[in-house]
Amino acid sequence: MHVSRSLFSILSAKIDFKKAILLLGPRQVGKTTLVRKLAESISSDYLYLNGDEISVQNALSNPNLAFLKSYLGTSKIIIIDEAQRIPSIGLTLKLIIDNFSSVQLIVTGSSALELSETINEPLTGRKWEYKLYPLSWSELTTTLGLPTTLGSIEKYLIFGTYPEVVTQSGNEIDVLNNLATSYLYKDLLNFQGIRKPELLNKILQALAWQVGSEVSFNELSRTVQADKTTVSNYLDLLEKAFIIKKLSPFSRNLRTEISTSRKYFFIDNGIRNAIIGNYAPIISRNDIGGLWENFLISERQKLLSYSGFYGQCYFWRTVRGQEIDYIEEIDGKIYPFEFKWNPKAKTKIPQSFMDKYTPENPKIIHRENFWEWLNSYPY
């Protein structure tokens, strides 16, 4: 089954043989497949270099211009895959862009850890940067049709939407277990900032059990038996490795508003469930609220990312327990959303929030109307 990716047309429009196209995202989400298809849409004659290979790492680490001219030959389209594995890759890319006329560089990376530090400065003004995630709701409905996709919603809540999970029906658990053990930490463990690999799993398990709930650094540090600074640093690294995503509290410094806690959701529901070893069906679970919230926020983030959203996303809660699951703010306008699995559950946006912030078009998102929300941007 071939799934058309939303980013393909966006990346195609950026082909200019001047700036590099940088595609970031977790491993196994289809970056290589996408960039190869992108290159083939221009020409079948392109150079593919895999940064996981030692020979490529040696060749592209601090090369001189004469060597690059021989190594790259006459290729006009060059793919450098998993570039985060190549030391000083930013300077190498800058050298190629500045000295090879009419060459289109296409670069992928499965982690923002080293890439953010080694590429951003050398490639200032020389790159277009995008992120690719597991298959999005829009991509699934475009490929499979809305009836089939809606009929699989409980499956996506449990197993997520990594490409191989979706296409390898019946083998979801094996695929996810392999992803969670072989690929999840691959780049993190190569990063010099990780001194306690066992702490990564402890933190992820703690976050998985608290999905949909606020996270206190103090409580989390006690749970995993590590100091707050270390926990904070590891959370930042896990986010840069595209495993989790932070949601900050919405606050305008009112004394009644919570402003210090955070929420963390997983980029993919399947990875979350793999971490805690629970693939039980929805009917027998007591964490459906957290699963539903994680799914909706992760899917919404994909939509916003592919749509060029430049605003901010939050949750909101007061010391009295009033709360809003999710808020988007853009161009000075505030859009609040409450999530409920059960469409008959009674809920509403707190009146105190409505009076204070006069938000735009508040909505309750449940399993009978969510599909429209995951396809509706701009507002």
What are the two closest non-hydrogen atoms of [X] and [Y], and how far apart are they?
| X | Y | answer |
| --- | --- | --- |
| Arg5 | Leu34 | CB-CD1, 4.2 Å |
| Ile77 | Ser43 | CD1-CB, 3.8 Å |
| Gly270 | Tyr279 | O-CE2, 4.4 Å |
| Ile349 | Pro362 | CG1-CB, 3.6 Å |
| Pro134 | Glu139 | O-OE1, 4.4 Å |
| Ile97 | Arg126 | CD1-O, 3.6 Å |

Do [X] and [Y] make a side-chain contact, defined as non-hydrogen atoms from C-beta onward lying under 4.5 Å apart?
| X | Y | value |
| --- | --- | --- |
| Asn375 | Leu303 | no |
| Arg272 | Val211 | yes |
| Arg367 | Ile153 | no |
| Tyr133 | Val29 | no |
| Leu140 | Thr148 | no |
| Ile15 | Leu38 | yes |
| Leu247 | Cys313 | yes |
| Glu129 | Ile21 | no |

From [X] [atom1] over to [Y] [atom2], what is the distance, rounded to the nearest 0.5 angstrom?
| X | Y | atom1 | atom2 | value |
| --- | --- | --- | --- | --- |
| Leu220 | Leu235 | CG | CG | 6.0 Å |
| Tyr357 | Trp316 | OH | CH2 | 7.5 Å |
| Arg36 | Thr32 | CZ | OG1 | 7.0 Å |
| Trp209 | Thr223 | CH2 | OG1 | 13.5 Å |
| Ile327 | Glu338 | CD1 | CD | 9.5 Å |
| Leu204 | Ile275 | CG | CD1 | 4.5 Å |

Does the structure place the NZ or CZ of [X] under 6.0 Å from the centre of the six-membered ring of [Y], at an angle of no more than 45° from the ring's axis?
| X | Y | value |
| --- | --- | --- |
| Lys263 | Phe315 | yes |
| Arg262 | Phe217 | no |
| Lys37 | Phe8 | yes |

Item to complete: For the pair Asp52 and Arg27, find out whether any cationic side-chain nitrogen is under 4.0 Å from an anionic carboxylate oxygen.
Response: yes
Handout entry: Salt-bridge contact Arg252-Glu329 (side-chain N to carboxylate O under 4.0 Å)
Key =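 Yes, this pair counts.
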Passing candidate, side-chain contact (heavy atoms from CB on, under 4.5 Å) with [X], options [options]:
| X | options | answer |
| --- | --- | --- |
| Asn273 | Leu176, Leu291, Leu157 | Leu291 |
| Leu200 | Val224, Leu238, Leu237 | Leu238 |
| Ile86 | Val107, Asn58, Asn62, Leu60 | Leu60 |

[X] side chain vs [Y] backbone, donor-acceptor pair below 3.5 Å:
| X | Y | value |
| --- | --- | --- |
| Thr358 | Met354 | no |
| Thr318 | Gln322 | yes |
| Lys302 | Leu135 | yes |
| Trp292 | Lys340 | yes |
| Gln84 | Ser110 | yes |
| Glu239 | Lys246 | yes |
| Arg300 | Trp373 | yes |
| Thr108 | Glu82 | yes |
| Asp268 | Thr161 | yes |
| Lys14 | Lys19 | no |

Exercise for the section: For the pair Lys333 and Asp331, evaluate salt bridge (Lys or Arg N to Asp or Glu O under 4.0 Å) and give the outcome as yes or no after the intermediate values. Expected result: CA-CA 6 Å; Lys333 296 181 179 180; Asp331 294 334; over 6 Å; no
Please find out if less than 6.0 Å separates the ring center of [X] from that of [Y].
| X | Y | value |
| --- | --- | --- |
| Tyr379 | Tyr335 | yes |
| Tyr326 | Tyr314 | no |
| Trp341 | Phe370 | no |

Does a side chain donor of either Asn278 or Arg285 reach within less than 3.5 Å of an acceptor in the other side chain?
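Result is yes, a qualifying pair exists.
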**Prompt:** Is it true that the side chains of Thr230 and Asp227 contain a donor and an acceptor less than 3.5 Å apart?
**Reply:** yes
Just do the side-chain hydrogen bond (donor to acceptor under 3.5 Å, both in side chains) check on Asn269 and Asn294 with the steps written out, would you? CA-CA 7 Å; Asn269 272 37; Asn294 194 93; 2.8 Å; yes
